[in-house]
Every structure is written in C-alpha cells, then in structure tokens.
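Before any comments, here is the structure.
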Protein chains: 2
Amino acid sequence: MNILEKITQSRAAFSKSEKKVADIILANPQSAIHSSIATLARMSDVSEPTVNRFCRRLDTKGFPDFKLHLAQSLANGTPYVNRHVDESDGPEEYTTKIFESTMASLEVARQSVDIQVVNRVVDLLTQAQKISFFGLGASASVAHDALNKFFRFNVPVVYFEDILMQRMSCMNSSEGDVVVLISHTGRTKSLVEIAQIARMNDAIVVGITSKDSPLANECTYVLSLEVPEDTDMYMPMASRIAQLTLIDVLATGFTLRRGNKFRENLKRVKDTLRGSRYEKRNE
Amino acid sequence: MNILEKITQSRAAFSKSEKKVADIILANPQSAIHSSIATLARMSDVSEPTVNRFCRRLDTKGFPDFKLHLAQSLANGTPYVNRHVDESDGPEEYTTKIFESTMASLEVARQSVDIQVVNRVVDLLTQAQKISFFGLGASASVAHDALNKFFRFNVPVVYFEDILMQRMSCMNSSEGDVVVLISHTGRTKSLVEIAQIARMNDAIVVGITSKDSPLANECTYVLSLEVPEDTDMYMPMASRIAQLTLIDVLATGFTLRRGNKFRENLKRVKDTLRGSRYEKRNE
DNA sequence: GCATAAGTTGTAATTTTACTACATTTTGTG
DNA sequence: CACAAAATGTAGTAAAATTACAACTTATGC
C-alpha cells in the first residue's frame, strides 16, 4: 500500500516531532529518499532517533526500509487516479484528468477480467459459424468497432444499430452462432430481450457487461468489467474504453488461436488498403 | 528508466563476477532490496567491493542508491510498457500485454496533446452551427462514438460512414460549420479529399490524425496524437483508444464551456433513458 | 496546584553497513 | 614467457543507523 497516503492518513496519530518529519517528507518526498537519517533529522529539526521512530510507526523495519517503501510509492510518478473533472478546471487540467482517469479505469478493468472466461470466449469465437455484435447508445460504437476487427478475419460478422434488425437477426440465429452483447449497465431492456431471443434460438450469448446485471443473468458467458463509476459528466467514458480494450483482447486471442498462416492472411488484408492511401515518404 | 531491464541489457558488458551478482539479483530482485551489501556479496560469492562496483557500473551512486532504483522498478505500479504480443502467449499474457500497451499509449498520447489546440477546438465546437465527424475503417467507430457524445449536447451533429455521403455533406457545408476528420495515419486518400472539399466550402476542418501527414496539411487545426506503433497484430488498436479519449476531452471541454445550466440539461437527457432500463435494485 | 506517571524527545555509545585504498590474482598480448 | 591491464579481494576507515538510557514535557489524580 502506498506509504505516502499512509503518512497523510495517520498524521493525526503522530506526535508533535513526528508531524514535523511527516511534513518535511510530504513536502519533498523525492529528496527524502536521497537523504540520510541525519540530514532528514536536521531538516525536520528533530533528533535522529525520532526519525527512526517515525519510520517504525509506519510499520517499516527502520529508516532504510522506509526509504525503500517511499521509493516504491514514488516509482510510477503518480499512480493514475480517477479524479473527477471540476467546473473550474482549465484545458490543461481536464485533459490530464480524463487521460489519467481512463488509464486508472483500464488498470481496474484489467484486474477484474476473468482470464478463464476470456479464453473460453475466444474458443467459442474461433469456432463460431456467425458472430454478431450488438450494443445500444454508447456501446453501439463499441460493437461497431468489433465489427471492424472481426471483419478482417474473414468470418461472418454481423452488426446492427437498429433494435429491430438486432431482434430479427437473433431470431434467425442457430446453433454455432455467437452473439456478443455489449452494455455497461446491463440494464437496457431491449438488449436483455435480445439475449433471451438469441438463447431461445440456440445461439451462445456472450455479455460484455457488469456483473449480476439483468443482462448478465441472461448470458451464457459473461465478461464482466468492473469499471469505476464514470465521471460526473453524465456520459459513459471509461467503461467504453475498457470494453474496446477487451474487444482488442478477444481479437488478439482469436488471431493467436488461428495460428501463423492466418496472420499472414491478415497482413494481406492490410496491404490491400495501401492503394487507398498516400505512400509514406521515406524519412 | 527501469533498472532491471538495464541489468539485462548491459549483461554483456559485465565482468565475470559482476555477472554473478546480476544473476543473483535478477533471480530474486525482491529479496535483493532487503539484503545488505554483505549478504548479497556472500550469496553471489564475490566480495563486497565487487557488488559496489557493479552498482556504479549501472550509473547509481552506490549500493543504497542502487537498491532505491531496484525498489522503484519493482513497485507494483511499474510503468506500463508497450510489449508486443508473442505467438506463444497464453490468455493471461496477451490480456495483460494489451491492457498495459493501451495504457502506455495513452500516457504517450497525453503528453503529445497540444493543450492550446484542444482549447481552440473546444472554442470552435461550442460556436459551431453544425458539427460533422467522419472517419473510415477503424476510425469510423471513433466518429460514431463522437456522434453519440455530441448528440446529447443538442447541437446539430452529423456522422456518415459512407464516403459519398461524407462528400455530399461537406459540399453543403458553410461558414460556421466544423468538420472533424479522424484518421490514424492521415494518409487515406478519400479523407484528404473530404478535407479539401470542406475547406473550399468555408468549413473549419479539424484533424485528429498524425502530425505532418497529408491529411494534417489540409486541416485548419490539427490535434495530433503521437501514439506508439500499433502492435504486430495488423490492426489499429492503441491509436483508436487515444482518439476516443481525445474525443472525451473535447466533449468534456464542451460541457464545461457551456456552463452549469447546460449540464443540468445533460442530466435530463440521461434521465430520459431510465424508462428503457431495468431499475437498479437497492443494495 | 502539586506530585507522579505516561509519553515524548534528545544524547551518547554501539553496531551495522558501505566505501576506499591498496594488495593480489587473473587475463590478455607482444 | 613476460609484462601490462583488468579484475577481484582484503583490510581498514568512514558513515549511517540503531539502541539504551537520560532528560524533558504533558496529562491526570488527589
């Protein structure tokens, strides 16, 4: 656990001199890890043993051990945190906050993904006769993206934005078909219905949605993504990115499963695009 | 820079005894940071000064400094690196790699974004009479997503996937219109043409694309995203996510610029969705 | 309001740790 | 094979961290 946070939190439990030490360290943790106990004691205007006691109060073995912990906390700059955008934020602030929140969400999402299920779903996808990707609202563009990816694999892929088309498509599904449904909340009624229809027609239904949601309960397999609450902006942001990344994972798993030859094929698909592009001049 | 990697890389430059030390450290770096120089020397079967020399060869001030660096490398928030997926990777590995690569790309993208331009583009968008989002292939879903976002703002937004529709739409554009074109490479011919058409009709053209590309040269404003090369999978992955996040930033800037009342409005839009969803039972 | 105890802080000595200078060994080269 | 250069180790030294204990501060009960 991050020792800097720990210092901030346990500040109340510190004695007067220990607070001095805490403040000096918090003011400039970067320099603290390069100081000796003597220097730090002098800077905080306390004695060396006080600094040592301060370290032990934080459950470290002593000063060197404390420095190690501190160094680790400082390692990745500042770990990305989900900070909400504030009304008073300027462009600099909100840009940073959004990028960092997105990264933080991805980190959380990564940890919540069930690898077993990923593997199983990749299995199913490679064997599918037809793959459908459906989502509504913000998740529609995720489904759209999935179409783009799997289309290159030369497998029958279906994607509709229209609810009625989605329904009809599922009506016609049969054994061997895989329907992937994408929804952050998992509470969109029409999507839950589609899951039911698809299952009634023997299709395998994979949900990319949140755990224990009504949609999750209707799916054969659930790839749940525990993404922290979206920011206050009343728009799905981070969840969408996590879904997309998961699609990337599935697509990658797909190509890996299909083997070498298949990837050469993929390269050829990419090469056909060349004609539609301006050549990159050699730099 | 990660010192563990550094050790691996400079292994060739080490002397015989130094290699012994390197191997012991690499074998169990976690225990290394908790050992004294004497213990480590004994374990590596070399003398203490050798360990010290080893540390200096890695551009650290000495053994304690080396331990600090090592601790940072081992911190669990290890900065994400763009590691390519390997053929032999299992589900666990490729999932991690993709998530981490995506995060790494976002970090790079964040640093490359020009805040000034973001601010200016937000300005333009808030004042636009009509906003169009166009992209092709993988970028189409990004444009699609942008539509989703800006649609909620109750501004005239346009999005087409079809090239001809895109062209026609641009033909009809006029002063006060903003056309946002999305392309990772910036070399897609038809998109460059669309930029030209839009500009001829007095629209402002904003490009979310790579710097100095043919498309970038045709745009009024360029939001360049320097995203590291996509992985070997022959599919755009990271670039797309960076583009989406940038769209999030623009959308957020938009709502912030529009002020409080506007966001209340946004909340109302969100609330209208409620009827289409299953209520969340209280937990 | 004073005495006493509990807690806090500092001083000085001790121990541990890291570093330096120099001696010895190993390796490579004419 | 001899010599030089590089590598490694030994022993001593300096620095850093820790411990034990003394002095001081603060709080509490009578």
Side-chain angles (χ1 to χ4, degrees), chain A residues 3 6-74, chain B residues 3 6-74:
Chain A
I3 201 144
K6 204 169 176 180
I7 296 175
T8 324
Q9 280 171 18
S10 27
R11 202 176 175 284
F14 289 150
S15 74
K16 214 196 301 175
S17 316
E18 282 168 346
K19 269 180 196 148
K20 283 194 215 168
V21 181
D23 291 344
I24 292 288
I25 290 171
L26 289 175
N28 195 350
Q30 197 60 50
S31 93
I33 59 172
H34 292 114
S35 317
S36 72
I37 194 166
T39 335
L40 205 66
R42 210 168 337 109
M43 286 203 295
S44 321
D45 197 31
V46 298
S47 69
E48 297 185 23
T50 302
V51 176
N52 196 280
R53 282 187 281 260
F54 167 84
C55 297
R56 289 187 211 246
R57 193 172 292 272
L58 292 156
D59 301 315
T60 61
K61 284 184 188 169
F63 184 69
D65 189 40
F66 168 78
K67 281 211 287 192
L68 245 44
H69 281 266
L70 194 58
Q72 297 205 325
S73 303
L74 260 48
Chain B
I3 201 143
K6 203 169 176 180
I7 296 176
T8 323
Q9 280 171 17
S10 26
R11 202 175 176 286
F14 289 149
S15 73
K16 213 197 301 176
S17 315
E18 282 168 347
K19 269 180 197 148
K20 283 195 215 166
V21 181
D23 290 344
I24 292 288
I25 290 172
L26 289 174
N28 196 350
Q30 197 60 50
S31 93
I33 60 171
H34 292 115
S35 316
S36 72
I37 195 167
T39 331
L40 205 66
R42 208 166 341 106
M43 285 203 298
S44 319
D45 198 29
V46 297
S47 71
E48 296 186 23
T50 303
V51 176
N52 196 282
R53 282 187 280 259
F54 167 83
C55 297
R56 289 186 211 246
R57 194 172 291 274
L58 292 156
D59 302 314
T60 62
K61 284 183 188 169
F63 185 69
D65 190 41
F66 168 79
K67 280 210 290 193
L68 245 44
H69 280 266
L70 193 59
Q72 297 206 324
S73 304
L74 258 49

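Note on naming: letters A, B, ... go to the chains in the order of the sequence lines (proteins, then strands), and numbering restarts at 1 for each one. Since this is a predicted model, take the numbers as computed values, not measurements.
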Practice item. Might you work through the side-chain contact (heavy atoms from CB on, under 4.5 Å) test for B:E18 and B:V21, ending with a clear yes or no? Key: CA-CA 5 Å; B:E18 282 168 347; B:V21 181; 5.5 Å; no
Exercise for review: Please report, rounded to the nearest Å, how far the P atom of C:dT17 is from the NZ atom of A:K67.
Suggested key: 14 Å
Practice item. Mind jotting down which residue pairs meet the ring-ring contact (aromatic ring centres under 6.0 Å, His included) criterion with at least one end in residues 15-46 of chain A? Sequence neighbours excluded, please. Key: none
Exercise for review: Compare the minimum distances between each of D:dA20, C:dT9, C:dT20 and the side chain of B:P49, then state the nucleotide with the smallest one.
Suggested key: C:dT20
Exercise for review: Would you please classify the geometry between the A:F14 ring and the A:F54 ring as parallel, tilted or perpendicular, with 30° and 60° separating the classes?
Suggested key: tilted
**Study point:** Matching residue for A:R56 among A:D59, A:N52, A:T60 - test: side-chain hydrogen bond (donor to acceptor under 3.5 Å, both in side chains)
**Key:** A:N52
Review point. What heavy-atom pair brings A:I37 and A:F63 nearest, and what distance separates the two atoms?
Key: N-CE2, 3.3 Å
Review point. Counting side-chain heavy atoms from CB outward, which of D:dT8, C:dT17, D:dA11 is closest to B:S36?
Key: C:dT17
Point to revise | Full working for side-chain contact (heavy atoms from CB on, under 4.5 Å) between B:L40 and B:K67 | key: CA-CA 11 Å; B:L40 205 66; B:K67 280 210 290 193; over 6 Å; no
Check your understanding: Quick one: is B:T50 getting a side-chain N or O under 4.0 Å of the D:dG9 phosphate, OP1 or OP2?
Key -> yes
**Study point:** Closest nucleotide among D:dG9, C:dG10, D:dT18 to the B:S47 side chain
**Key:** D:dG9
Check your understanding: Over how many whole Å does the gap from A:F14 atom CZ to C:dT8 atom C1' extend?
Key -> 15 Å
Exercise for review: Could you check how far CZ of B:R42 sits from P of D:dG9, rounded to whole Å?
Suggested key: 14 Å
Exercise for review: Using heavy atoms and a sub-4.0 Å distance, could you list which residues of residues 51-63 of chain B are near DNA chain D? By number, please.
Suggested key: B:R53
Practice item. Round to the nearest Å and state the distance from A:E48 atom CD to C:dT11 atom P. Key: 10 Å
Check your understanding: Roughly how many Å is it from CG in B:L68 to P in C:dA18, rounded to a whole number?
Key -> 12 Å
Practice item. Give the nucleotide from the list C:dA21, C:dA18, D:dT8 with an atom nearest to the side chain of B:P64. Key: C:dA18
**Study point:** Spacing of A:K16 atom NZ relative to D:dT25 atom C1', expressed in whole Å
**Key:** 8 Å
Check your understanding: What residues form a salt bridge (charged side-chain N to carboxylate O under 4.0 Å, His left out) with B:D23, not counting sequence neighbours?
Key -> B:R11
**Study point:** Distance, rounded to the nearest Å, where A:I37 contributes CD1 and C:dT17 contributes C1'
**Key:** 13 Å
Revision key, fill the gap. To the nearest angstrom, the CD-C1' distance between B:E18 and D:dA6 comes to 11 Å
